[in-house]
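Taking it in order: structure first as C-alpha cells, then the write-up.
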Amino acid sequence: MSLVTTLTYVLPHRFLSTLARVLAYSKNPLVSRWLIDTVTEKFGVDLNEAAQPDPRAYPTFNAFFTRALKPGARVADPNPRSLLMPADGRISQCGPIRDGVIFQAKGQSFTAAELLGGDEVAAAPFRDGAFATVYLSPKDYHRVHMPWAGTLRETVHVPGRLFSVGPDAVRDVPRLFARNERLVCHFDTDFGPMVQVMVGALLVSGVETVWGGVEIPHYADRVTRKDYRGRGITLKRFAEMARFNYGSTVIVLLPPGVAELDPGLSAETPVRLGQALARRNA
C-alpha cells in the first residue's frame with residue numbers, strides 16, 4: 001500500500017475537504033489565480049475547449065473547475081441506439097455485474113447493494129447487469145451528463161469516508177466506492193431502471209445536481225432519501241445532470257439484457273463525454 005493511501009486512513013477527511021472548499025470558493029485573486037495556474041500547468045488543462053478560455057475571467061477556482069465547454073466541443077454519438085459516456089476521464093473498470101458483485105480492481109470488489117446504500121431491493125434489477133466506473137482527473141470537464149433519457153425517481157445521499165479515488169487507492173482500499181460519501185441517482189427509462197452514482201473523494205467535497213443544487217456537502221451522518229416521483233424531472237440523453245467540485249468518479253449501472261458495453265472499453269481507456277458507452281440490444 002502506498003504511503004499516501006496509508007495516510008488517508010488517518011487523515012481528517014471532512015476537515016481537509018472543507019478547507020479545500022474554502023480555498024476553491026475564495027474570491028481573493030491571489031488565491032484563485034494561484035490555484036488555477038497550478039492546476040492548468042500541472043495537469044495540462046486545455047482551455048481552448050472552454051466556453052471562457054481566459055483563466056483570469058473566472059472569479060473563483062471552483063468556477064474554473066466547473067467551467068462550461070464551447071458549443072460542439074462534445075457531441076453525442078450519432079447512433080441513436082448508443083448509450084453515452086457520462087463524462088470525460090478514463091475507465092477505472094467496466095464490465096458485467098456478476099451475481100450482484102462489481103469489480104473494483106485486482107483483489108477488490110463490492111456489491112451493488114453496498115454501493116446503493118445497503119438497499120437490496122434497489123440493487124436487485126442490476127444483479128446480473130453491467131457497470132462502468134469513470135474516473136475524472138483534475139484536467140477533465142467536470143460536468144456529468146445523461147447516458148440515456150430518464151425521469152428522476154429518487155436520490156440517496158449515502159454518508160461515508162472521502163478516500164482518494166486515484167489508481168493507488170482504487171487498488172489498495174477495499175470496497176472504496178462503497179465506502180466514500182456519494183449521491184445515488186435513480187432514473188426510470190424506457191428500458192427500466194438506470195443508476196448514476198456520484199462518488200465523492202478526498203478534497204472533493206462538492207456534488208451539485210441540475211434539479212437540486214448543492215447536495216454534498218451538506219455532509220450526511222445517515223442515509224438520506226429524496227423521492228422525486230411525480231415531479232416530472234426528465235432529462236434528455238446527453239443533457240447535463242450534475243457536476244463535481246474537483247475530480248472524482250461516476251458509476252453507471254444498467255440492468256441485464258439492455259445493452260452491450262462498447263468492446264473498445266477497458267480499464268485505463270481514456271474516454272470523452274458523448275462517445276458510445278454501450279449499444280442497445282433492441
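We use all heavy atoms of the structure for the numbers below, so side chains are in, but hydrogens, waters and symmetry mates are not.
- Not a single salt bridge (Lys or Arg N to Asp or Glu O under 4.0 Å) links Asp128 to another residue, sequence neighbours left out.
- A side-chain donor-acceptor contact under 3.5 Å links Thr234 and Thr151.
- One N or O on the side chain of Asp46 and one on the backbone of Asn48 form a donor-acceptor pair closer than 3.5 Å.
- Judged by distance alone, the side chain of Arg21 and the main-chain N or O of Asn245 form no donor-acceptor pair under 3.5 Å.
- Salt bridge present: Arg56 and Asp37 bring a charged side-chain N and a carboxylate O closer than 4.0 Å.
- Across all their heavy atoms, Trp148 and Arg280 have their closest contact at CZ2-NH1, 3.2 Å.
- A donor-acceptor pair under 3.5 Å is absent between the side-chain atoms of Tyr58 and the main chain of Ser32, judged by distance alone.
- Considering only residues two or more places apart in sequence or on other chains, Glu240 meets the salt bridge (Lys or Arg N to Asp or Glu O under 4.0 Å) condition with Arg143, Arg243.
- Not one N or O on the side chain of Gln104 forms a donor-acceptor pair closer than 3.5 Å with the backbone of Gln93.
- In this structure, the side chain of Arg127 does not engage the main chain of Ala124 through any donor-acceptor pair within 3.5 Å.
- Within the 3.5 Å criterion, the main-chain N or O of Asp227 finds no donor-acceptor partner in the side chain of Arg229.
- Around atom CD of Gln52, more than 12 heavy atoms belonging to other residues, nucleotides or ligands sit under 6.0 Å away.
- In this structure, Glu268 pairs ionically with Arg90, as a charged nitrogen and a carboxylate oxygen lie closer than 4.0 Å.
- No continuous path of hydrophobic side-chain contacts links Tyr25 to Phe64 [ILVMFWY only; heavy atoms under 4.5 Å].
- The main-chain N or O of Thr111 is found under 3.5 Å from a side-chain atom of Glu114 such that the two form a donor-acceptor pair.
- Judged purely by atom type and a 3.5 angstrom limit, Ser137 has no side-chain atom pairing as donor or acceptor with the backbone of Tyr135.
- With hydrogens and angles ignored, the 3.5 Å screen pairs no side-chain donor or acceptor of His186 with any backbone N or O of Val184.
- The number of heavy-atom neighbours closer than 6.0 Å to NZ of Lys70, taken from other residues, nucleotides and ligands shown, is above 12.
- A side-chain donor-acceptor contact under 3.5 Å links Thr66 to the backbone of Asn62.
- Residues Leu84, Tyr141, Phe238, Leu273 make up the rest of the hydrophobic cluster containing Leu69, defined by ILVMFWY side-chain heavy atoms closer than 4.5 Å, directly or through other members.
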